[in-house]
Number of protein chains: 2
Amino acid sequence: MGASDTRRHIVEAADRLFYENGFEATSFADIAGDVGLSRGNFYYHFKTKDEILDAVIARRVSATRAMLESWEEAMPSPSERIRSFANVLVANRTKIMAHGCPVGTLCNELAKLDHAARGDAAFLFSLFRDWLARQFCALGREADADALALHILMRSQGVAALSTAFRDEDFIRREVADMENWLQAQCLPASPSDSRKPA
Amino acid sequence: MGASDTRRHIVEAADRLFYENGFEATSFADIAGDVGLSRGNFYYHFKTKDEILDAVIARRVSATRAMLESWEEAMPSPSERIRSFANVLVANRTKIMAHGCPVGTLCNELAKLDHAARGDAAFLFSLFRDWLARQFCALGREADADALALHILMRSQGVAALSTAFRDEDFIRREVADMENWLQAQCLPASPSDSRKPA
DNA sequence: GTCTATACGCAGATAGAC
DNA sequence: GTCTATCTGCGTATAGAC
């Protein structure tokens with residue numbers, strides 16, 4: 001097994017442990033133990049904990065881009081693609097109820113630590129935001145595409161946060177269904193008194 | 001200054017530091033230094049870090065109850081009270097953009113740490129949930145009061161989470177305005193095709 | 001590239017003087 | 001009630017043998 005394989009294993013383990021237990025609570029020993037490496041050898045691959053964090057974020061950026069692209073390829077309809085986004089909450093409900101949203105919780109933790117990588121983590125949100133905005137543009141909502149994207153992204157974060165607190169699967173399904181209803185209303189021609197879209 | 005004053009100062013400092021920097025990232029030395037105590041004396045008041053956490057959560061429970069009661073006393077209209085809840089996001093926008101929602105971020109951190117006080121922190125959410133549900137009951141929505149309460153609580157969490165990532169004040173104001181519009185729609189008699197409320 | 005051994009600081013926690 | 005001194009363990013990080 002070459003060095004690049006070992007490095008990849010380290011980043012995969014760190015990614016999972018940062019998500020499940022948090023960045024700060026995860027030690028070098030935890031990651032090394034998970035991969036089956038000695039702590040000493042660990043430093044051959046990564047000099048500091050921040051370097052691992054950067055690698056984990058880069059990995060998540062790649063994975064997110066790949067996921068968003070696969071949805072675009074698999075589905076011709078923008079509203080269907082946005083529904084895929086919302087339904088990630090249902091698909092990943094067990095992990096979300098246990099550890100929250102990987103992006104949101106990392107951003108929160110790095111904000112509190114006032115960590116240099118705070119902006120890099122927030123960039124993960126931008127990937128979703130821009131992708132969602134493009135889907136709303138394709139639905140003919142060029143004027144408020146970004147606001148609509150932020151709105152549904154906000155909802156997914158809210159659902160994830162409360163899921164972790166109450167661990168209520170029904171709540172997730174109900175709110176995702178409500179997001180789908182909201183989405184459908186966005187596809188209809190807006191009436192002047194409609195309060196369903198964000199201003 | 002008596003022991004109970006010192007204890008109160010410790011809990012106040014810990015409350016602020018847990019919020020701003022996180023529970024795990026805050027050390028005994030940080031709290032002691034903030035209060036102006038030696039670490040040794042600190043242990044006269046609290047034996048373990050978990051004891052301080054319990055005291056901080058108890059303090060937050062009291063403060064939350066007092067705030068919710070003051071809203072009920074100050075405002076006769078339930079919808080006005082719920083608007084007060086939503087507008088906390090605007091009033092506290094600076095702190096929220098820096099450190100997130102005190103309740104949501106604590107619940108997330110304790111969930112990742114698999115901490116014993118996880119449920120106690122989630123109880124803070126229950127205070128808001130039950131209070132909001134009572135307001136919706138007063139608005140004549142007995143049948144789905146709890147779902148409506150969870151829905152607006154979910155929105156406030158989503159806004160807080162994205163605020164911390166993007167630090168966008170306009171986003172907060174826009175989403176709070178949208179919450180107020182949604183709330184107003186809840187007060188009207190529901191039409192059969194209305195998709196604005198959670199199912 | 002992987003290991004063992006180790007440095008160093010800070011964390012939580014305790015003992016005992018005043 | 002407050003202090004200083006100290007213990008123990010674990011955190012990140014390094015040096016150097018194999």
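Chain naming here is simple, since letters A, B, ... match the order of the sequence lines and numbering starts at 1 in each.
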Does the plane of the ring in B:Phe18 sit parallel, tilted or perpendicular to the ring in B:Phe23? Use 30° and 60° as the thresholds. perpendicular
Distance below 4.0 Å between B:Thr6 side-chain N/O and D:dT2 OP1 or OP2: yes
Test item: B:Arg118 side-chain N/O and B:Leu110 main-chain N/O as donor-acceptor pair under 3.5 Å: no
Supply the atom-to-atom distance B:Arg134 CZ to B:Leu68 CG, rounded to the nearest 0.5 angstrom. 8.0 Å
Just checking, any donor-acceptor pair under 3.5 angstrom between side chains of A:Ser84 and A:Asn87? no
Which ones in residues 22-33 of chain A lie close to DNA chain D, meaning a heavy atom under 4.0 Å from one of its atoms? A:Thr26, A:Ser27, A:Phe28
A:Ile52 atom CD1 is separated from D:dG11 atom C1', nearest whole Å, by 13 Å
Would you kindly give the CZ-to-C1' distance between B:Phe46 and C:dA13, to the nearest whole Å? 16 Å
From CD1 of B:Ile10 over to P of D:dG1, roughly how many Å is that when rounded to an integer? 12 Å
Detail all sub-3.5 Å separations between protein N/O atoms and N/O atoms belonging to nucleotides 16-18 of chain D.
none

Cation-pi check, B:Arg129 to A:Phe166: give yes when NZ or CZ is under 6.0 Å from the six-membered ring centre and within 45° of the ring axis, no otherwise. yes
Taking atom P of D:dC7 as reference, at what distance in whole Å does atom CZ of B:Arg39 sit? 14 Å
Taking only the side-chain nitrogens and oxygens of B:Asn41, find out if one of them lies under 4.0 Å from OP1 or OP2 of D:dC3. yes
Rounding to an integer number of Å, can you tell me how far B:Tyr44 OH sits from D:dA5 P? 22 Å
Pick from A:Val11, A:Ile31, A:Thr26, A:Ile57: which one makes a side chain to side chain contact (heavy atoms under 4.5 Å, CB included) with A:Ile52? A:Ile31
Spacing between B:His45 atom NE2 and C:dG12 atom P, to the nearest angstrom: 17 Å
Distance in angstrom units between A:Tyr43 OH and C:dA5 C1', rounded: 14 Å
Specify the separation, in whole Å, of atom NZ of B:Lys49 and atom P of C:dC10. 16 Å
In this structure, CZ of A:Arg8 is separated from CG of A:Asp5 (nearest 0.5 Å) by 5.0 Å
Between A:Thr105 and A:Asn108, is there a side-chain donor-acceptor contact under 3.5 Å, judged purely by atom types and distance? no
I'd like to know if the side chain of A:Arg93 and the backbone of A:Val90 have a donor-acceptor N/O pair within less than 3.5 Å. yes
